[in-house]
Engineer: 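I have a structure here, written as structure tokens, and I will follow up with some questions on it.
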Amino acid sequence: MKKPPNPIFSHQTVLLLQNQQHSIKTMKQIHANMITTGLILHAYPLSKILILSSSLSIPYSLTLFNQIQTPSIFLFNTFISSITNNAHLAFSLYSRVLAEKSLKPNNFTYPSLFKACGSRPNWFRHGRALHGHVFKFIEPHCDCYVQVSLINFYSVSGKLGIARYLFDEMSKPDLAAWNSILAAYCNGSCSGYCGGENADLSIEALCLFNQMLVSHVRPNEKTLVAIIGACADLGALCNGVWSHAYVLRSNLKMNHFVATALIDMYAKFGYLDLADQLFDQMSHKDALCYNVMIRGLALHGHGHRAIGLFQRMREEGVEPDNVTFVAVICACTHVGLVNEGSEIFNSMKEVYGIEPKLEHYGCLVDLLGRAGQLDEALELVRSMPMEPNAVVWRSLLGACRVHGNLEIGELALRHLVELEPETSGYYVLLSNMYANISRWDDVRRVRKVMKNKGVNKFPGTSFVEIDGALHEFVIGDKTHPCSDMIYRKLEEMNWKLQMHGHNPSTKEVLFDIEDEEKEGALSYHSERLAIAFALVATDSSFPIRIIKNLRVCQDCHASTKLISKIYGRDIVLRDGNRFHHFRNGACSCLDYW
DNA sequence: TTAGGGTTAG
């Protein structure tokens, strides 16, 4: 016989709790009503008021919870899951569960707790201890939610290997599990916690996606957001366009997340018109999508359009955030709008109440430096409220090299050598700087310091990929088997083998391949030699792909930009951190210089 | 009839 429906579930107050948005005032009224009607004694309505009250006032919800005589594990789980952004409270509730003999944590207890751990820095050890509890109290393999929450916890804690192990342990990963592991690889490739393997992480994400399709798990919007991000990081145009097409043909929703990821991807590829089209189609534009579009425009040298979009953002009442200002000040830098950039920097605090961070000061140093205002840039570095990092000093150094200011350049290099003593490139730059003005004693001194410190043990190498084969070039290796061929070809093409530079009238590209007269000047960079090789060895229109074992230095960055513009060739430089995609004189990697 | 996991820029 069918049981009659329980009148509690159709009670007017319970329906009110479920169906409407409430203020603290109406929530208190409902609470009072529940006490008078006796509904407060029933677990289901109690769980609903707990969820509601914790979203409005944590102290109120805690008082409410503490009034429950003997809360069941169901009520503990409900309350813990509603306060995961308060990890301390979540864990104190969990310890009450452990202390109570009549209670035992279950499958529903752990996902929220792992979420709470992952959301706080330095809580890794708590999460790891909690993982032990999972084995003690439940059977983790039986529950997908627990497994996924563990994968996420380890991935946000930077333990991608453990996350992958747990994923591989799953006999039949569901959609959320696939999305978690894909996001883990994609976020890992962005945050850079895996050193030189970032690009490999994005490639692995694409491989995993392939496996997902093969195992007949149907991707959703979250999946595609991760994959589009991986394509953007890799500069994988074909895969990126395929992903866009997949969204359309699979009737996935072009929601905020998907659209923003696509805008970012097309902007990074340099397809600003496509990015702009998608941007215009977005019904509601938030700060995030403005940021990616502004950044995209700034990256590709459309500074004025970027600033125009920033104006539009303000006119439409969208509040800029700290990322917006990084993008806008960089846009000003690229078109030399020093006053506008400085004003925007000042408006951060005065108008928007946003305290400028290190990266904003870095942008301003770059803005002033590139405009040749080196004394002002140095003054700013000295007066900024936080300790300048290597990025800031590198900006200043870059400006000094462009504007030929040895004094400040030397100062910047000294700081860089101190901050990153293992980076041989700084010693090399310092040495070259002295060599350029024939201060040979200083050249020898720097070389001696290098030798004493044991830096530069590992020469920089670049690999250039031509027709699927990798050719290796080592910094300063004049005996490379390709060198003669490159020299001959370059001479045929009437290229000068000197310091890098560019003569717009003759279209000469000047490589600093070697200069015997300059004693002590280090010879050409391997990536430049590799590019030269690729240019002379292939006429195909495919991007020249170069893989480096050292960071792309400023010299190389500048000359590669130039070569991409003059020869109309896309060049992709991959270093330990990421891909730098050069197209028509612009590079889609702004964070370097 | 109740509770838990996965998405966007730097």
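Order of the sequence lines fixes the chain letters, A, B, ..., with proteins taken first and strands second; residue numbering starts at 1 for each chain.
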Engineer: Among B/dT2, B/dG5, B/dA9, which nucleotide has an atom closest to any side-chain atom of A/Ala43?
Structural biologist: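 Side chain of A/Ala43 sits closest to B/dT2.
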
Engineer: Could you tell me the separation between the CD atom of A/Glu319 and the P atom of B/dA9, rounded to a whole number of Å?
Structural biologist: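 Whole-Å distance recorded here is 21 Å.
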
Engineer: Tell me whether A/Tyr145 and B/dG4 count as stacked here, given that the ring centres must be under 5.5 Å apart and the planes must differ by less than 30 degrees.
Structural biologist: yes

Engineer: Report yes if at least one side-chain N or O of A/Asn322 is closer than 4.0 Å to OP1 or OP2 of B/dA9; otherwise report no.
Structural biologist: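 No, A/Asn322 has no side-chain N/O under 4.0 Å of OP1/OP2 on B/dA9.
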
Engineer: Could you tell me the separation between the CH2 atom of A/Trp178 and the C1' atom of B/dT7, rounded to a whole number of Å?
Structural biologist: 18 Å

Engineer: Could you list all the side chain to side chain donor-acceptor pair (under 3.5 Å) pairs where at least one residue sits in residues 208-232 of chain A, not counting sequence neighbours?
Structural biologist: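 Passing the test, one end in residues 208-232 of chain A: A/Asn179-A/Asn220, A/Asn179-A/Thr223, A/Asn220-A/Thr223.
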
Engineer: Pick base, sugar-phosphate or nothing for A/Val148, based on heavy-atom distances below 4.0 Å to the nucleic acid.
Structural biologist: base

Engineer: Tell me, please, which residues at least two apart from A/Phe257 pass ring-ring contact (aromatic ring centres under 6.0 Å, His included).
Structural biologist: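 Listed in chain order: nothing, the list is empty.
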
Engineer: May I ask you to say what A/Val258 touches in the nucleic acid, namely base, sugar-phosphate or nothing, with a heavy-atom cut-off under 4.0 Å?
Structural biologist: nothing

Engineer: How is A/Ser112 classified with respect to the nucleic acid when contacts are heavy atoms under 4.0 Å: base, sugar-phosphate, or nothing?
Structural biologist: sugar-phosphate

Engineer: Mind calculating the distance between CG (A/Asp143) and C1' (B/dG6) to the nearest angstrom?
Structural biologist: 15 Å

Engineer: Under 4.0 Å from any atom of DNA chain B, heavy atoms only: list the residues of residues 302-314 of chain A that qualify, in numerical order.
Structural biologist: none

Engineer: Picking from A/Tyr94, A/Phe91, A/Tyr110, what satisfies ring-ring contact (aromatic ring centres under 6.0 Å, His included) with A/His133?
Structural biologist: A/Tyr94

Engineer: Which residues in residues 65-92 of chain A have at least one heavy atom lying under 4.0 Å from any atom of DNA chain B?
Structural biologist: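 The stretch gives A/Phe74, A/Asn77, A/Thr78, A/Ser81 as the residues lying under 4.0 Å from the strand, ordered by number.
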
Engineer: Can you tell me which residue pairs pass the side chain to side chain donor-acceptor pair (under 3.5 Å) test with a partner in residues 113-127 of chain A, sequence neighbours excluded?
Structural biologist: none

Engineer: In chain order, what residues pass the ring-ring contact (aromatic ring centres under 6.0 Å, His included) check against A/Tyr352, with sequence neighbours excluded?
Structural biologist: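 Result, ring-ring contact (aromatic ring centres under 6.0 Å, His included) vs A/Tyr352: A/Phe325.
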
Engineer: In this structure, how many angstroms lie between the P atom of B/dT8 and the CG atom of A/Leu278, rounded?
Structural biologist: 18 Å

Engineer: Rounding to a whole Å, what distance do you find between A/Phe114:CZ and B/dG4:P?
Structural biologist: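 The distance from CZ of A/Phe114 to P of B/dG4 comes to 17 Å, rounded to the nearest Å.
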
Engineer: Do A/Asp174 and B/dG6 have a side chain to base donor-acceptor pair shorter than 3.5 Å?
Structural biologist: no

Engineer: Check whether any side-chain N or O of A/Lys285 sits under 4.0 Å from OP1 or OP2 of B/dT8, and answer yes or no.
Structural biologist: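 The answer is no; no side-chain N or O of A/Lys285 sits under 4.0 Å from OP1 or OP2.
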
Engineer: Under the ring-ring contact (aromatic ring centres under 6.0 Å, His included) rule, collect the residues that match up with A/Phe108, sequence neighbours excluded.
Structural biologist: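 If we apply the ring-ring contact (aromatic ring centres under 6.0 Å, His included) test to A/Phe108, skipping adjacent residues, there are no hits.
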
Engineer: Return the CG to NE2 distance between A/Leu39 and A/His31, rounded to the nearest 0.5 Å.
Structural biologist: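 That separation rounds to 11.0 Å.
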
Engineer: B/dT7 phosphate, OP1 or OP2: any side-chain N/O from A/Lys253 under 4.0 angstrom?
Structural biologist: no

Engineer: Compare the minimum distances between each of B/dT7, B/dG4, B/dG10 and the side chain of A/Arg295, then state the nucleotide with the smallest one.
Structural biologist: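 Shortest atom-to-atom distance from the side chain points to B/dG10.
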
Engineer: I want to verify a distance call: between B/dA3, B/dG5, B/dT2, whose nearest atom is closest to the A/Phe108 side chain?
Structural biologist: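 That would be B/dA3.
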
Engineer: Within the structure shown, what part of the strands sits under 4.0 Å from A/Asn107 by heavy-atom distance: base, sugar-phosphate, or nothing?
Structural biologist: base

Engineer: Scan A/Lys48 against the nucleic acid and name what it touches under 4.0 Å (heavy atoms): base, sugar-phosphate only, or nothing.
Structural biologist: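 Nothing, no nucleic acid heavy atom in range.
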
Engineer: Using whole Å, report how far CG of A/Leu52 lies from P of B/dT2.
Structural biologist: 20 Å

Engineer: A/Lys104 side chain to A/Phe137 main-chain N or O, any donor-acceptor pair under 3.5 Å?
Structural biologist: yes

Engineer: What about the rings of A/Tyr361 and A/Phe345, do their centers lie closer together than 6.0 Å?
Structural biologist: yes

Engineer: By nearest atom, which of the nucleotides B/dA9, B/dG6, B/dT8 is closest to the A/Asn220 side chain?
Structural biologist: B/dG6

Engineer: Mind calculating the distance between CG (A/Asn106) and P (B/dT2) to the nearest angstrom?
Structural biologist: 14 Å

Engineer: Sort and list the pairs that fulfil side chain to side chain donor-acceptor pair (under 3.5 Å) and have at least one residue in residues 320-329 of chain A, not counting sequence neighbours.
Structural biologist: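 Every pair satisfying side chain to side chain donor-acceptor pair (under 3.5 Å) with a residue in residues 320-329 of chain A: A/Asn291-A/Asp321, A/Asn291-A/Thr324, A/Asp321-A/Thr324.
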
Engineer: Between B/dG6, B/dT7, B/dA9, which one does the side chain of A/Glu221 approach most closely?
Structural biologist: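 When the side chain of A/Glu221 is considered, B/dT7 is the closest of B/dG6, B/dT7, B/dA9.
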
Engineer: Check the distance between B/dG4's C1' and A/Tyr94's OH and give it to me in whole angstrom.
Structural biologist: 14 Å

Engineer: Using the side chain to side chain donor-acceptor pair (under 3.5 Å) rule, collect all pairs that involve residues 241-257 of chain A, keeping only residues at least two apart or in two chains.
Structural biologist: A/His244-A/Tyr266

